[in-house]
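Worksheet: one structure, shown below.
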Amino acid sequence: MACLNLKWSSFLAGVGSLYEALFLPAQIHTNTRTNTKTENTATKSTRETRSEKTRRTATGDPFYYFCYSDTVHTTTPRALTVTIVCLRLPLCLRWEEEKYTDGSKWRFLEHKGPVFPPPYEPLPDRIRFYYDGKAMKLSPAAEEVATFYAKMLDHEYTTKDIFRKNFFKDWRKEMTPEEKSKITELKKCDFTEMHEYFKAQSEARKQMTKEEKQKIKEENERILQEYGYCVMDNHRERIGNFRIEPPGLFRGRGDHPKMGKLKRRIRPEDIIINCSKDSAHPQAPPGSRWKELRHDNKVTWLVSWTENIQGSIKYIMLNPSSRIKGEKDWQKYETARRLKKSVEHIRAQYREDWRSKEMRIRQRAVALYFIDKLALRAGNEKDEGETADTVGCCSLRVEHIRLHPQMDGQDYVVELDFPGKDSIRYYNKVSVEKRVFKNLQLFLENKQAKDDLFDRLNTSILNKHLQELMDGLTAKVFRTYNASITLQQQLKELTSRESKILSYNRANRAVAVLCNHQRAPPKTFEKSMHNLQTKIDEKKKQLSAAKKELKAAKADAKMLRDEKSKKAVEMKKKAVQRISEQLMKLEVQATDREENKQIALGTSKLNYLDPRISVCKKYWCKKWAVPIEKIYNKTQREKFAWAIDMTDEDFEF
DNA sequence: CCACAGGAATCCGGTTTCGCGAT
DNA sequence: CATCGCGAAACCGGATTCCTGTG
């Protein structure tokens with residue numbers, strides 16, 4: 001039994017830190033009644049011995065019972081300590097113990113349901129909407145939709161034709177017949193008073209007194225405590241998104257054909273609740289009822305509803321810190337590590353397949369090469385006209401690729417240029433092997449710009465093939481694998497005596513570049529860079545001033561040769577030292593920020609990099625004695641609790 | 001075997017809010 | 001001590017992957 005192997009020292013050191021929140025306090029009860037379940041259920045190592053029981057019974061000591069792995073245990077206060085040690089096993093070990101084998105995700109699930117946004121509050125009468133220059137009072141329904149648009153007036157969206165067209169069409173659906181007949185052109189609509197009103201409102205919110213802000217904060221905290229947590233099996237877990245999305249105008253990314261459409265308000269009647277039968281079911285708001293109450297423990301969601309833009313289902317699920325998410329995350333990295341073991345074999349295989357007689361196999365092999373080498377996404381087919389035109393590997397078209405037998409002194413250069421996920425541009429020129437190049441030429445023969453590059457391939461064919469190569473292997477595992485292995489290598493190479501954080505960020509950046517995680521340069525980038533430069537210049541001045549003083553002090557000391565002036569020299573020396581350190585720090589910061597201008601580190605850190613690489617002794621935090629707080633903030637530490645908690649110091653991805 | 005649709009879960013960049021140091 | 005400005009964190013919700021069932 002694993003809990004017996006635990007070191008007491010680690011228990012004592014750890015109690016009161018990371019994990020008591022994972023242990024459901026409400027399920028520890030002091031109990032003076034006899035618990036009839038005692039005899040047959042206390043099967044774990046925490047079972048009290050017969051002599052302990054005799055002693056307890058004799059002395060009338062209180063005892064506790066608690067649930068663990070769906071079993072009720074009883075224990076004495078002393079034994080409870082042991083029990084908590086057991087619950088404080090490294091998370092992944094605990095998860096192993098708690099795992100279900102029948103595909104179910106939980107046994108017990110209790111929550112309070114979603115939080116709805118407040119109902120619409122009509123505008124005060126003085127705020128007017130003008131049509132064709134004339135003031136006009138709108139019906140509440142039409143007015144609400146108009147406010148959605150008014151709030152976005154200084155956003156680029158409202159300049160886009162599709163957005164305006166979609167909005168106007170959906171807005172008219174909310175109008176009364178009179179309004180409908182009157183309001184026929186968007187360009188004659190004047191929302192500026194409404195827009196100003198909302199700006200003033202948000203300004204007023206900022207101007208609120210401390211007390212008012214405090215009150216709002218407390219109310220939010222209360223809602224969080226009531227609705228933001230659920231009980232899943234034996235743990236109280238944080239819910240990820242317990243608030244229903246408020247109505248508004250749909251904001252698609254890229255050239256989305258549906259941008260500007262009305263995202264309607266979700267009512268209790270649209271909501272499906274999922275919880276366990278034996279839990280206290282969430283109550284629908286007074287006067288309403290849920291669409292359905294379901295008890296499906298094969299899924300992880302608590303609440304779902306169908307959204308009206310794409311007709312897809314939205315869910316309320318748990319926070320990344322929860323067992324159910326963490327376990328999945330861990331599993332993801334374990335699969336990527338298994339890929340590491342067989343990747344050489346798989347590479348040999350697809351290289352072999354480049355010369356296959358069958359076109360479908362060649363295409364599969366070249367696509368896989370791209371996925372492996374360039375960390376491209378799989379590229380599922382998308383509904384044309386329903387979504388923005390974006391592609392991934394399998395859905396690349398002729399127009400996205402250019403072949404250059406020679407370029408910039410390199411042979412066989414492939415130029416890729418396409419809109420990827422979220423319409424982020426992927427642009428890359430890469431030298432490939434001759435066989436790949438020849439194959440690509442073959443795939444391009446007799447095709448038009450809009451034709452598929454891999455016309456005999458799609459993601460399901462590819463994934464089916466991958467599944468045969470390795471259990472659990474899919475296209476995205478390559479992204480995870482290549483990202484994590486790159487971080488590990490980069491950390492090995494880059495970390496030196498220079499700034500640790502800069503090195504870490506550079507390794508992280510290498511991964512972000514590989515995964516094409518770009519961002520628009522922050523609006524304040526130039527300014528903040530400028531500010532930093534000013535600081536650096538000031539520091540430089542300070543430094544030269546300090547140096548001057550030091551020189552003067554030295555001269556004095558030479559002249560006077562007394563204790564006092566010697567001391568002064570020491571002081572000045574220290575000052576110079578201090579200031580130059582501060583200067584270095586600023587300069588590192590500037591370098592880091594500049595290099596990060598168009599790169600988003602967060603996504604890879606959160607989704608692709610095995611946290612154990614960063615935590616572990618061999619590679620990073622522990623090796624370089626960098627506190628974990630320097631690389632993971634609070635949320636990230638919560639999400640990666642399972643990795644931070646791992647004891648294996650020889651971890652290798 | 002394949003096309004198709006629906007469902008569940010992960011991934012992802014932008015926007016808003018928060019908290020802290022400087023003034 | 002108040003408030004101002006900024007960067008980081010939190011939030012948000014859309015986008016994509018991948019699986020399953022049906023026919």
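All values below come from the heavy atoms of this structure, side chains included, with hydrogens, waters and symmetry mates left out. Given the structure is predicted, the values throughout are model-derived calculations rather than measurements. Protein chains get the first letters and strands the later ones, always in sequence-line order, with residue 1 at the start of each.
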In whole angstroms, how far is the [atom2] atom of [N] from the [atom1] atom of [X]?
| X | N | atom1 | atom2 | answer |
| --- | --- | --- | --- | --- |
| A/L586 | C/dG7 | CG | C1' | 15 Å |
| A/L302 | B/dA8 | CG | P | 13 Å |
| A/M208 | C/dT3 | CE | C1' | 15 Å |
| A/Q589 | C/dC6 | CD | P | 14 Å |
| A/Y315 | B/dG6 | OH | P | 12 Å |
| A/K325 | B/dC11 | NZ | C1' | 11 Å |
| A/E156 | B/dT15 | CD | C1' | 15 Å |
| A/F478 | B/dC11 | CZ | C1' | 19 Å |

Quiz question: by atom type and distance under 3.5 Å, do the side chains of [X] and [Y] form a donor-acceptor pair?
| X | Y | answer |
| --- | --- | --- |
| A/Q331 | A/E327 | no |
| A/S614 | A/Y504 | yes |
| A/Y157 | A/R251 | no |
| A/S604 | A/N508 | yes |
| A/R107 | A/N297 | no |

When you measure from the side-chain N and O atoms of [X] to the phosphate of [N], is any distance below 4.0 Å, counting only OP1 and OP2?
| X | N | answer |
| --- | --- | --- |
| A/K206 | C/dT3 | no |
| A/K464 | B/dC1 | no |
| A/R479 | B/dC12 | yes |
| A/H517 | B/dC11 | no |
| A/T300 | B/dA9 | yes |

From the list [options], which nucleotide is the closest neighbour of the side chain of [X]?
| X | options | value |
| --- | --- | --- |
| A/Y608 | B/dC11, C/dA2, B/dA3 | B/dC11 |
| A/A520 | B/dG14, B/dG13, B/dA9 | B/dG14 |
| A/S528 | C/dG7, C/dA9, B/dT10 | C/dG7 |
| A/N607 | B/dG13, B/dG7, B/dC11 | B/dC11 |
| A/V299 | C/dC11, B/dA8, B/dC12 | B/dA8 |

**OP:** Let me know, please, whether A/C515 or A/N458 comes out on the 5' side of the other along DNA chain B by nearest nucleotide.
**Re:** A/N458
Original post:
On DNA chain B, nearest-nucleotide positions of A/D296 versus A/I424: which is more 5'?
Top reply: A/D296
Indicate, with a heavy-atom threshold strictly under 4.0 Å, whether [X] touches base, sugar-phosphate, or nothing.
| X | value |
| --- | --- |
| A/I309 | nothing |
| A/S304 | nothing |
| A/K605 | nothing |

**OP:** Not counting sequence neighbours, which residues clear side-chain hydrogen bond (donor to acceptor under 3.5 Å, both in side chains) with A/R578? List them please.
**Re:** none
Subject >> Between A/F242 and A/Y227, ring centroids under 6.0 Å >> reply: no
Subject >> Reading 5' to 3' through nucleotides 12-23 of chain C, protein heavy-atom contacts under 4.0 Å coded B for base, S for sugar-phosphate only, - for none >> reply: -BBBSBBS----
**OP:** Indicate for each nucleotide in nucleotides 17-23 of chain B, in 5' to 3' sequence, whether protein heavy atoms under 4.0 Å reach the base (B), only the sugar-phosphate (S), or nothing (-).
**Re:** --S----
Quick one: salt bridge (charged side-chain N to carboxylate O under 4.0 Å, His left out) partners of [X], sequence neighbours excluded?
| X | value |
| --- | --- |
| A/E629 | none |
| A/K210 | none |
| A/R364 | A/D353 |

Subject >> CG/A/D161: more than 12 non-hydrogen atoms of other groups inside 6.0 Å >> reply: no
